[in-house]
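These notes concern the structure reproduced below.
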2 protein chains.
Amino acid sequence: MKYCFGVDIGGTTVKMGLFSTEGELFEKWEIKTRTENEGKEVLPDIAASVRSKMEEKGISIEDMAGVGIGVPAPVSEEGIVKNSANIGWGYKNVKKEMEELLPGVCARIGNDANVAALGEMWLGAGKGCSNMIMVTLGTGVGGGVICHGQIIAGANGAGGEIGHICVNYNETEKCGCGKTGCLEQYASATGIARLAKLRLAKPHEKTILEGKNLSAKSVFDAVKKGDRIATEIAEEFGAYLGHALANMAVITDPERIVIGGGVSNAGPALLPFIEKPFQEKTFFANKDTKIVLATLGNDAGICGAARMIL
Amino acid sequence: MKYCFGVDIGGTTVKMGLFSTEGELFEKWEIKTRTENEGKEVLPDIAASVRSKMEEKGISIEDMAGVGIGVPAPVSEEGIVKNSANIGWGYKNVKKEMEELLPGVCARIGNDANVAALGEMWLGAGKGCSNMIMVTLGTGVGGGVICHGQIIAGANGAGGEIGHICVNYNETEKCGCGKTGCLEQYASATGIARLAKLRLAKPHEKTILEGKNLSAKSVFDAVKKGDRIATEIAEEFGAYLGHALANMAVITDPERIVIGGGVSNAGPALLPFIEKPFQEKTFFANKDTKIVLATLGNDAGICGAARMIL
């Protein structure tokens, strides 16, 4: 057994975990993300925290398998980030800098959404699968595609950007990316609130959503209480997402599709809204693909980051 | 240097090639596909042909890297085919049978469309790329997705079935697969003929397509002569294909997209019809993805089959 560190860099905190290469999580903690001065201190802070944890636990360089890091930006196969607005970085060779900060330790770098997918595959809802798609329904829609147990990072580190699949060629409102009809406009937390607002602007029967702060949570809370309008909104969300997942399945043929992110906190009630349109539109060979909820929550990032080392 | 054989099993002939592991094609030939008796003789015929070529060329078992075989059916990672209508097979462990027929020789099995993609990556239009998508526009639409230099075979051997991406949720006519709105209904040779028929059934100006046998070839021949109606048909085909490719690119982020199959015989005139809608709908990170024509023609299958051995 060796040790590895999993690091998940976010805009406000850096999550860190100490793992065994067998997948045991010994300890997790957080440090602040110091984004000032173009994020110059972020990597040195991580290196210092790794070194101090190694000292505390009596872990030598020889006991270390490496440090994996998830970054909120596209990352090239060589571990280079071209731009990461959230942490202030411009061009940065993250792998090289990290290995200079921790001599003798191997570093691996990945995009945070891709890395979270790898985490669910290793220790969460995708355990035992080597072909899997993870969809993260948060403020935006992110994702990670795993084939043969490997993250599909792509030629520009932009693999798995599944929030920007076009699901509606008739859309006129623009997505944040500048295109129209992106999955993110319907299936993110923001997208569900938008669908709810549009639905309530049309003639409708009585609904408990009326006068409420419209959010993914208020919609799914109302669904659980049997509200008809909320159920219609959930059906619309599910149709866009389920159809997009069917189109993804025909490309990479996953064994399991894992749904994570804040929207997935709605729990198992979410799944039928996605499964029904998925089954209606999926290719016969993908009928057995299981759609399941993520299980690692906020730990997916550190788990996947550590997994990159293996 | 070692030798490898690439074998491409079709419904009427088996194409075979003798390669060096460096990618030199020394010789290619064909044998008949004997589909009678549930295709019982297909693998023994291939083994006999390999043995006789080895004898002819003085190649010993020690000089052999292996035999790669492309099969017109989904193939599991273990080299098992569950059903291949075209060659009469039911369940068949192709890898195991082939290795029993050629003791000491390693066999690798893949789906024919996926294998063709690997061939273009190795020796054709995708040379030097490790992230690539190949789309084969023939009677149907097939394809192969390559990430990190590896075919994405998927959990059921059904990866890269990109003809069955849904590109039109309003379609009422059924695809051969039983779904509606599949890419194959618009972008295959049959699909283009269908679009032409539908267009000519509507009011239209004078066109040289009138009274012609409507096919992908006649449409693109008319496009080259400046025919307006044919150009409209090509634009409709290109919009469906270009948009589908943009949705694929956002998932696997390929460096290059290779267009092959009979329809691609239209030549470079085909590309702008695909590139324009691709650029309109693609995610900013995929703007540099190149769309190019396949270069290996019918040899892509044997090349990719041999490449599986490396």
Side-chain angles (χ1 to χ4, degrees), chain A residues 74 77 82 129-133 143-148 150-170 175 177-183 239-240 243-244 246-256 277 280-290, chain B residues 74 77 82 129-133 143-148 150-170 175 177-183 239-240 243-244 246-256 277 280-290:
Chain A
E77 280 183 46
K82 283 185 187 157
C129 286
S130 53
N131 294 290
M132 190 194 108
I133 292 175
V145 179
I146 291 172
C147 297
H148 307 293
Q150 259 192 308
I151 292 173
I152 301 303
N156 308 289
E161 284 285 359
I162 58 194
H164 302 283
I165 288 183
C166 182
V167 294
N168 181 2
Y169 290 99
N170 303 316
C175 174
C177 77
K179 296 198 305 160
T180 54
C182 291
L183 178 61
Y240 283 117
H243 292 164
N247 275 355
M248 284 181 238
V250 96
I251 299 173
T252 69
D253 185 16
E255 191 177 337
R256 230 169 281 172
E280 277 165 13
K281 276 290 169 196
T282 205
F283 189 52
F284 64 87
N286 310 118
K287 290 269 179 215
D288 294 335
T289 301
K290 298 274 175 297
Chain B
E77 281 184 45
K82 283 187 184 155
C129 288
S130 53
N131 294 290
M132 191 195 105
I133 292 176
V145 179
I146 290 174
C147 297
H148 308 292
Q150 259 194 308
I151 293 172
I152 301 303
N156 308 289
E161 284 285 0
I162 59 195
H164 302 284
I165 288 182
C166 183
V167 293
N168 180 1
Y169 291 101
N170 303 315
C175 174
C177 78
K179 296 199 303 161
T180 54
C182 292
L183 178 61
Y240 283 119
H243 292 165
N247 275 354
M248 282 181 238
V250 97
I251 299 173
T252 69
D253 185 16
E255 191 178 336
R256 231 170 278 173
E280 277 164 13
K281 276 292 171 198
T282 204
F283 188 53
F284 64 86
N286 309 119
K287 290 270 179 213
D288 294 335
T289 302
K290 299 272 175 299

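Naming: A, B, ... by sequence-line order, numbering from 1 per chain. Computed from a predicted structure; not experimentally measured. No hydrogens, no waters, no symmetry mates; every other heavy atom, side chains included, goes into these values.
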Exercise: identify the closest heavy-atom pair between A/N131 and B/A155: ND2-N, 3.8 Å
Minimum heavy-atom distance B/V167-B/Y240, with the two atoms named: CG2-CD2, 3.6 Å
More than 12 heavy atoms from other groups under 6.0 Å of NZ on A/K287: yes
Least distance between heavy atoms, B/A249 atom then B/N286 atom: O-ND2, 3.5 Å
Which portion of A/D253 sits near chain B, non-hydrogen atoms under 4.5 angstrom: both
Pick from A/G160, A/C166, A/C177 with the largest number of heavy-atom pairs that fall under 4.5 Å of chain B: A/C166
Part of A/T282 within contact of chain B (heavy atom distance under 4.5 Å): backbone
Contact winner vs chain B - A/C182, A/P74, A/A158, heavy-atom pairs under 4.5 Å: A/A158
Proximity breakdown for A/I151 and chain B, heavy-atom pairs closer than 4.5 Å: backbone
Structural part of A/V250 lying under 4.5 Å from a heavy atom of chain B: both
Gap between atom CG of B/D288 and atom NZ of B/K290 - 0.5 Å precision: 5.5 Å
Between A/E77, A/Q150, A/M248, the one whose heavy-atom pairs under 4.5 Å with chain B are most numerous: A/Q150
Approximate separation, where rounding is to 0.5 Å, of B/I251 CD1 and A/T252 OG1: 7.0 Å
A/P254 versus A/I133, closest heavy-atom pair with distance: CG-CD1, 3.9 Å
Region of A/K281 in contact with chain B, defined by heavy-atom distances below 4.5 Å: both
Portion of B/H148 that has a non-hydrogen atom of chain A nearer than 4.5 angstrom: side chain
Among A/H243, A/R256, A/E255, A/M132, residue most engaged with chain B (heavy-atom pairs, under 4.5 Å): A/H243
